[in-house]
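Have a look at the structure below, then the notes.
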Amino acid sequence: MPNTTFTKFVALGDSFTEGVGDLSPESPNGVLGWADRTAFELARTIPDLGYANLAIRGHVLAQVIDAQLEPALAMQPDLVAISAGGNDILRPSVDLDSLMERYDSTIAQLANTGARVIVFTTFDGSFDALYKRLRGRAATYNEYLRGIADDHGAEIVDFWRMKDFSDRRMWSTDRLHLNEIGHTRMAAEVLDVIGVPHDLRPPPFPPLTERTRGEIRREDLEWTRDTLIPWIGRRIRGVSTGDGLPAKYADLFPAMQLPVGQRELRTEQATASAG
């Protein structure tokens, strides 16, 4: 039976792992995310768990490797989660063969430490016109990744097959990142994949509302103006929202002291007092 008692959990990647979309003013970089939520749930039964989150929004695979791999290996974690390459797929062109060759080498180095390694496929965002154009590229990336995971004994969170994420209520208004509901759902999936019991449940969904064609068109125009055009502009200029941004937890941090944990503990204590 795989080990589920860890001492050090390290997360690497881009905005997905950093937690963008799951807003939290009390957290470093202003976000929580599935990795923080997973770490705290682990700490409920492993109070001494150390946790590092090296992910930086906007990082392509080469940046993840160059900036995050060596520090992660130096921490000698026994649980590692990595999600990278998503920003490469979104670029106008990408050499998937070269990209996945580098990813293969990276996952091999992590797995060779003896740590349990978790990887993530990309999501099937074909319900959105922008991502539908990239569906073939994303599917190819996923097939590469499934083979890499098999070769190195990594465990895979198959985001592509998690169809409940087609509910837009799991996504932030930028349509690029999960919100609190989505990140909590993802944390529960990660815990399920590694076989750790938990009581993690996403917060309630807001009610579905009927929208007219005019309202949908207005939302699409606002999203194009506020999110898509600035994103394209940054790509043209070669800049990223992550430029100059530090890692949330560049060194091992007590997972039990994460802001999400303190918030939930206060809620639990208040509920117990009220009862």
Kindly indicate, with the supporting measurements, whether the criterion side-chain contact (heavy atoms from CB on, under 4.5 Å) is fulfilled by Tyr141 and Val94. CA-CA 11 Å; Tyr141 166 96; Val94 59; over 6 Å; no
Where do [X] and [Y] come nearest, in terms of heavy atoms and distance?
X      : Y      : value
Ala84  : Val64  : CB-CG2, 4.1 Å
Ile89  : Arg137 : O-NH1, 2.6 Å
Asn29  : Ala247 : ND2-C, 4.4 Å
Ala43  : Ala255 : CB-CB, 3.8 Å
Leu145 : Phe120 : CD2-O, 3.0 Å
Pro71  : Leu54  : CB-CD1, 4.2 Å

Please determine if [X] and [Y] form a salt bridge, counting it only when a charged side-chain N lies under 4.0 Å from a carboxylate O.
X      : Y      : result
Asp199 : Arg44  : no
Arg135 : Asp124 : yes
Glu189 : Arg185 : yes

Could you tell me whether a side-chain N or O of [X] sits under 3.5 Å from a main-chain N or O of [Y], the two making a donor and an acceptor?
X      : Y      : result
Asp78  : Ala115 : no
Asp88  : Val60  : no
His183 : Ala35  : no
Thr113 : Leu110 : yes
Lys248 : Glu18  : yes
Trp171 : Phe165 : yes
Asn142 : Thr121 : no
Arg37  : Leu32  : no
Trp34  : Phe16  : yes

Side chains of [X] and [Y] in contact at under 4.5 Å (non-hydrogen atoms):
X      : Y      : result
Glu143 : Met100 : no
Met170 : Asp164 : yes
Leu42  : Leu191 : yes
Val31  : Ser15  : no
Ser24  : Val260 : no

Any side-chain donor-acceptor pair under 3.5 Å between [X] and [Y]?
X      : Y      : result
Asn53  : Thr17  : no
His177 : Asp22  : no
Asn112 : His152 : no

Between Met162 and Val157, is a side-chain contact (heavy atoms from CB on, under 4.5 Å) present by the stated rule, with each step listed? CA-CA 9 Å; Met162 297 165 67; Val157 176; 4.1 Å; yes
Please determine whether side-chain contact (heavy atoms from CB on, under 4.5 Å) holds for the pair Ile118 and Arg116, giving the CA-CA distance in whole Å, both sets of side-chain angles, and the decisive distance to 0.1 Å. CA-CA 7 Å; Ile118 307 165; Arg116 290 184 72 179; 5.9 Å; no
Any link between [X] and [Y] through a network of hydrophobic side chains (Ile, Leu, Val, Met, Phe, Trp, Tyr) touching at under 4.5 Å?
X      : Y      : result
Met186 : Tyr51  : yes
Trp160 : Leu96  : no
Leu245 : Leu12  : no
Val190 : Val196 : yes
Phe40  : Ile194 : yes

Worked verdict on Ile82 versus Gln68 for side-chain contact (heavy atoms from CB on, under 4.5 Å): CA-CA 10 Å; Ile82 179 169; Gln68 301 176 35; over 6 Å; no
